[in-house]
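One structure below.
Reminder, nothing fancy here: chain letters follow the sequence lines and each chain counts from 1. Nothing here was measured: the structure is a model prediction, and the numbers come from that model.
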Amino acid sequence: METSSPETLAKAYEFSEVEKKWYAVWQADKTFSAKMDPERDSFSIVIPPPNVTGVLHVGHALNNTLQDVLIRYKRMMGCNTLWVPGTDHAGIATQNVVERQLATENKSRHDLGRDNFIERVWQWREEKGGTIINQLKHLGCSCDWERERFTMDEGLSKAVRTVFVRLFKEGLIYKGDYIVNWCPRCHTALSDDEVEHEDKKGKLYHIRYPFADGSGHVVVATTRPETMLGDTGVAVHPDDERYAHLKEIGISLPLTDRTIPVVFDHHVKREFGTGALKVTPAHDRDDYEIGLRHKLEIMKIMDNSGVMNEAAGPYAGLDRFACRTKIVADLEAQGFLDKIEDYDHAVGNCYRCHTVVEPTTSLQWFVSVRPLADKAVAAVRDGRINIHPKTWDNTFYAWMDNIRDWCISRQIWWGHQIPAWTCDDCNHLMVEEVAPTSCQKCQSKNLSQESDVLDTWFSSALWPFSTLGWPEQTEELKFFYPTSVLITSFDILFFWVARMMMMGLHFLDEVPFKDVYLHALVRDKDGKKMSKSTGNVIDPLVVMAEYGTDALRYTMTAFAAQGRDIRLSEERIEGYRHFINKIWNAARFSLMHIDACDPAVTKDVQPATMALAHRWILSRLNKTITEVHASLAGFRFNDTASALYQFIWHEFCDWYLEWIKSDLYGEDAGKKAEAQTVLFTVLEAIVKLLHPIAPFVTEEIWHFLPGHRPTLMTESFPLANPAWDDQEAEESAELIKGVIGGIRNIRSEMQIHPSAEIEAFAICPDPLKQQRLQTHAPSIMGLTRTASLDVQASGTVPQGTANYIFEDIEIFVPLKGLIDVEKEIAKLNKNKEKLEKQAAQTKGKLSNEKFLSNAPDDIIAKENGKLDEFTLQLTKIDETIVRLQELA
RNA sequence: GGGCGGUUAGCUCAGCUGGGAGAGCAUCGGCCUUACAAGCCGAGGGUCACAGGUUCGAUCCCUGUACCGCCCACCA
């Protein structure tokens, strides 16, 4: 198919068509499909399933790029790789979307009824649920799409039921009337971590509660005065002498005809306010617990929508906030209001709709998490699971220590309906995987299933094994579980990651993943969270369209430094687009010269006999390969990206390609063949090394390489070859690059036109260096447009030259015209100042006895070398200054 | 109230286990040198937040301070 000749490489990389073309080919050829070859290692990742309602945002882009980098790398390393894709049914979010859709038709879900509504959600999912999956494909993700799962699909639902029933029978799931976080808008309970606390400016109301015998009053403070209607007690500290006498008297609750008791509880802080606390067990978590301890009545005063109920007496029917206003007015009017203060405090909001959450008692299902959490903690402690970066360990432990039972029931329709049935006749509760047909106790056929559904996180907690077929003992499960690594954002460490650990350890007796890599949150360039309302969102889809997918992926990888938020800026993305284009052009140039190159020959590169440029680039390539492996193993993605960037642009392009041009364009067939061979070898290695980060441009280039096979995706990833390490070549190359830098500097400073030919001289006292320079003089001349280069061990500097000092080598270029003596002297003086400073510093160290006796020998030798060099350079500078002054 | 992270060039950030401060962008000067002007060559720019301590030696380790950010928490 690739009959194209190298000449057909366009002048600039056109990503759009290339991306479409190769993704389609990869999919058609099933190169993403997992294979279970027992001879090879497995490497598996389960995707953090995006919400089915989701649209790809920059966080997804980061998360999935990193996963794809690892998957592609491991695939090329010969592993059986599996990346399981899928989406989450996202209970509340999805229900909201469909309800909004219904609202446009002036309908509510109640108009449809439960079954029809759920039908409607599935229909929505059918039509719109594939959006984010297609966007992941656009991003180049090499997921095994044949194994795409959905948390509500049949297999996963079965896993959910199995887990629920087993936990129930083990006594780890229970149903009870407890205080929960209630969203009055979503009409559902929320788990603790679905509540977001936000600091708000509020008021602290101080209310006088009269003693029942009329002998006085106590002042209590509250931020929610309407809850006083549900007060069933006042609590004070047991050791608080101020209130000891109230034990027998009681409190007459304002605006009501009730008398409530005073209880004594250690929870009360004596120093806060007056040391008296109003207790509303039905609408406050602490109060609830105080109430339990003292057997106080639980009096609910609001309904599920946050509207006051009959228990609120005359206030019934008022919204909770309207009621607050009225209560305050009434208290004021009747003289019960002591004072109102401004008060900043945290208010809990529903994480979905941001409605203020109302703590309230309600009949809910809970998981006893303590025994499960202990297993997860143990796995992290003993290293069966490694969290990266490690700094999260402590946060993880702290959270797990304080974990409370997990409220798993939600009063919505979209989700896994709880597999529990109650007998309408005898009230017997049955929890079963398969719906029972009659009551196990009284044989009645009148059974009602629990109407609540499970928290979405309940099903995603099973994701690493439910997607592999559990509870069936599938081949996949045996082969790919535990998965290799989980890559996700730290903000769902507790929502999701911890719960996967608990469930995996409990049900499979094995960790769900060996490594957890937590990446940062992507923020805007000012460090603000991206949000649609502030308009600071960088849309990855727009970025891909404008800069190309590879540029986006490279940016994400380069930014993925551990332990820090990412501030994304468009300028950086643009920079990486330039890099992708640079690669393209380097390949374009290379392919103009290596089309005749026989790949069979190039497999066995023997650098030992080759010219310096080749030995040098191969040695540098080797170091780069080593760093790529090491950094990926340590999840240092940014280091991988920068090592490749540095090598490709600043070593391969800037130096190597320029260096070998003379051979490629020259007459010497031997030299030319050698250059072609190495150029091919390095270019091939580069496209392979880059492929995990930038899959599209590399695949495209690959297909222009001689002898290429069908896809780069399954080529073997480069390994370091110790035979290519060449210290001598690296030293020589550094020397030559330094001298070239010197000559170029003179050219630039003296404003010699780049095309003008010059002559150059060098005085180099070190015999080894001198020999190297003489050997490689042609290279230096070629790269600096110098007609001649004369290297001497010593000698006098002719008049009328500009000079430059590199290490112990003095380089000078005779100038035809006059040089600007003043300018030259100024430049030298500046240089001299710097050197003197450095020399003084080094001298100081070397005259310090303690340094000499304590520092390791190699450091001392290094300092001595430095001092020699500084001294020599200073001498030369002084000589030059004198010479210039004579000239003036 | 606890816990965590940050403070390095004008901007955005690297800097792994302590041994002469780096990148990208931006800036200045010179180049359309037949891979690339999305480029090439050269240059300038930093008391590594502050104060102590450990060490022969600290951007790096320890203590404290100041700002900035995040997370957790039942002071009504």
Side-chain angles (χ1 to χ4, degrees), chain A residues 9 11-13 193 197 204-205 220-224 227 235 267-269 271-273 276-280 284-290 343 345-346 359 389 391-392 394-395 398-399 402 490-491 493-494 520-521 523 525 527-529 547 558-559 561-569 571-572 574-593 630-631 634 636 638-639 642 645-646 650 653-654 657-658 661 665 741 744-749 751-755 784-785 838 841-842 845 848-856 858-860 862-863 866 870:
Chain A
L9 259 76
K11 200 169 172 184
Y13 172 55
D193 38 29
H197 290 273
L204 189 62
Y205 302 88
V220 296
T222 180
T223 53
R224 298 185 300 150
T227 61
H267 167 81
V268 180
K269 301 268 185 294
E271 55 293 348
F272 189 92
L277 169 68
K278 65 189 272 304
V279 183
T280 323
D284 185 281
R285 188 188 293 273
D286 298 332
D287 293 5
Y288 177 78
E289 275 159 21
I290 293 173
Y343 193 70
H345 63 129
T391 47
W392 282 101
N394 284 335
T395 314
W399 190 78
N402 298 323
F490 65 80
D491 55 343
L493 177 60
F494 307 129
L521 237 47
R523 298 170 183 281
K525 60 177 166 25
K528 292 201 190 97
K529 220 170 180 173
Y547 300 100
F559 264 113
Q562 293 188 5
R564 200 184 226 208
D565 283 347
I566 296 171
R567 295 190 187 195
L568 189 60
S569 70
E571 290 78 40
R572 282 291 286 266
E574 194 177 358
Y576 288 112
R577 175 185 61 170
H578 295 173
F579 177 56
I580 299 295
N581 192 54
K582 184 76 178 175
I583 296 160
W584 177 256
N585 274 295
R588 184 162 163 261
F589 169 78
S590 304
L591 288 161
M592 289 174 179
H593 296 97
S631 56
R636 290 180 287 115
N638 58 319
D639 288 341
S642 85
Y645 187 101
Q646 220 52 33
H650 298 305
C653 292
D654 287 354
L657 292 182
E658 296 304 323
K661 273 179 182 172
Y665 289 116
R744 284 175 176 171
N745 179 279
I746 292 170
R747 263 187 179 286
S748 186
E749 293 289 323
Q751 310 204 335
I752 301 167
H753 196 273
S755 59
T784 52
R785 283 214 174 210
Q838 288 176 303
Q841 211 179 5
T842 310
K845 272 192 192 175
N848 185 338
E849 292 244 344
K850 286 181 178 168
F851 173 74
L852 293 174
S853 53
N854 287 318
D858 59 317
I859 297 293
I860 295 174
K862 211 170 149 189
E863 291 294 320
K866 271 158 62 179
F870 295 149

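- The minimum heavy-atom distance between A:His267 and A:Ile290, with the atom names listed, is CD2-CD1, 3.7 Å.
- Counting to the nearest Å, the C1' atom of B:C25 and the OH atom of A:Tyr547 are 12 Å from each other.
- For A:Glu571, the side-chain atoms get nearest to B:C25 when compared with the rest of B:C36, B:C25, B:A38.
- Closest approach of A:Ala855 to A:Ile860, counting heavy atoms only: O-CD1, 3.6 Å.
- For A:Asn854 (side chain) and A:Lys850 (main-chain N/O), a donor-acceptor pair under 3.5 Å exists by modelled atom type.
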Tabulate atom names and distances for all N/O pairs under 3.5 angstrom spanning the protein and nucleotides 52-56 of chain B.
{"residue": "B:C56", "atom": "OP1", "partner": "A:Asn854", "partner atom": "ND2", "Å": "3.1"}
{"residue": "B:C56", "atom": "O4'", "partner": "A:Lys850", "partner atom": "O", "Å": "3.3"}
{"residue": "B:C56", "atom": "O2'", "partner": "A:Asn848", "partner atom": "ND2", "Å": "3.1"}

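- At whole-Å resolution of the value, CD1 in A:Ile860 and C1' in B:G19 are 11 Å apart.
- One finds no side-chain N or O of A:Lys661 lying less than 4.0 angstrom from the OP1 or OP2 phosphate oxygen of B:U33.
- A:Tyr205 comes within 4.0 angstrom of no nucleic acid atom, judged by non-hydrogen atoms across all strands.
- Among the heavy atoms of the strands lying under 4.0 Å from A:Gln838 is at least one base atom, whether or not backbone atoms are also near.
- Here the C1' atom of nucleotide B:U17 and the CG atom of A:Asp639 are 14 Å apart, to the nearest Å.
- Between the side chain of A:Arg747 and the backbone N or O of A:His753 there is at least one donor-acceptor pair closer than 3.5 Å.
- Put simply, OH on A:Tyr665 is 8 Å from C1' on B:A35, counting in whole angstrom units.
- Formation of a donor-acceptor pair under 3.5 Å by the A:Ser748 side chain with backbone atoms of A:Arg744 is not found in this model.
- With both ends at atom P, the span from B:U7 to B:A43 equals 29 Å, rounded to whole Å.
- When distances run from any side-chain atom of A:Arg577 to the nucleotides B:A38, B:C36, B:G29, the shortest one goes to B:A38.
- The CH2-P distance, from A:Trp584 to B:A37, rounds to 15 Å in whole Å.
- Using atom P as the reference point in both B:U47 and B:G10, the two lie 8 Å apart (nearest Å).
- Among the nucleotides B:C31, B:A38, B:C74, the one closest to the side chain of A:His753 is B:C31.
- Summary of the strand contacts: A:Phe589 and A:Lys862 both lie near RNA chain B, and taking for each the nucleotide with the nearest heavy atom, the more 5' one is attributed to A:Lys862.
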Going 5' to 3' along nucleotides 39-44 of chain B, which nucleotides have protein heavy atoms under 4.0 Å from the base (write B), which only from the sugar-phosphate (write S), and which from neither (write -)? SSSSSS
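- Going from atom CD of A:Glu574 over to atom C1' of B:C25 covers 9 Å, rounded to whole Å.
- Counting only Watson-Crick and G-U wobble pairs whose two key distances fall under 3.5 Å, RNA chain B forms stems of three or more stacked pairs at B:1-7 with B:66-72, B:10-13 with B:22-25, B:27-31 with B:39-43, B:49-53 with B:61-65.
- Distance alone, capped at 3.5 Å, is enough to place a donor-acceptor pair between the A:Asp287 side chain and the A:Thr280 backbone.
- Separation of the P atoms belonging to B:C31 and B:C13 is 36 Å when rounded to the nearest angstrom.
- Remark: the separation of the C1' atoms in B:A38 and B:G69 is 35 Å, to the nearest Å.
- Ring centroid separation for the pair A:Tyr645 and A:Tyr576 comes in under the 6.0 Å cut-off.
- Looking at heavy-atom distances under 4.0 Å, A:Ala398 makes no contact with the nucleic acid at all.
- Between A:Ser631 and A:Asp639, the closest heavy-atom pair is CB-CB, 3.8 Å.
- A salt bridge links A:Arg224 and A:Asp284; the closest N-O separation between the charged side-chain nitrogens and carboxylate oxygens is under 4.0 Å.
- Residue A:Tyr645 places no side-chain N or O under 4.0 Å from the OP1 or OP2 atom of B:C13.
- For B:A35, the OP1/OP2 oxygens have no side-chain nitrogen or oxygen of A:Lys11 closer than 4.0 Å.
- Residue A:Phe559 contributes atom CZ, which lies 9 Å from atom P of B:A14 at whole-angstrom precision.
- For A:Trp392 against A:Leu493, the heavy-atom pair with the smallest separation is CE3-CD2, 3.9 Å.
- Residues A:Arg785 and A:Arg572 each lie close to RNA chain B; by heavy-atom proximity, the contact nearer the 5' end of the strand is made by A:Arg572.
- The gap from the C1' atom of B:C71 to that of B:U59 amounts to 27 Å, rounded to the nearest Å.
- Put simply, CH2 on A:Trp399 is 10 Å from P on B:C72, counting in whole angstrom units.
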Begin with the C-alpha distance, continue with both residues' side-chain angles, and end with the deciding distance and a verdict on side chain to side chain contact (heavy atoms under 4.5 Å, CB included) for A:Asp286 and A:Val279. CA-CA 8 Å; A:Asp286 298 332; A:Val279 183; over 6 Å; no
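- Note on A:Thr395: nothing from the nucleic acid sits closer than 4.0 angstrom, heavy atoms only.
- The shortest heavy-atom contact between A:Lys582 and A:Cys653 is CE-CB, 3.7 Å.
- Nucleotides B:G19 and B:C28, compared at atom P, are 36 Å apart to the nearest Å.
- In this structure a side-chain-to-backbone donor-acceptor pair under 3.5 Å is present from A:Asn581 to A:Tyr13.
- Going from the P atom of B:C62 to that of B:C16 covers 14 Å, rounded to whole Å.
- Using atom P as the reference point in both B:U55 and B:C60, the two lie 16 Å apart (nearest Å).
- Note that CG of A:Leu657 and CG of A:Asn585 are 11.0 Å apart. Values are rounded to the nearest 0.5 Å.
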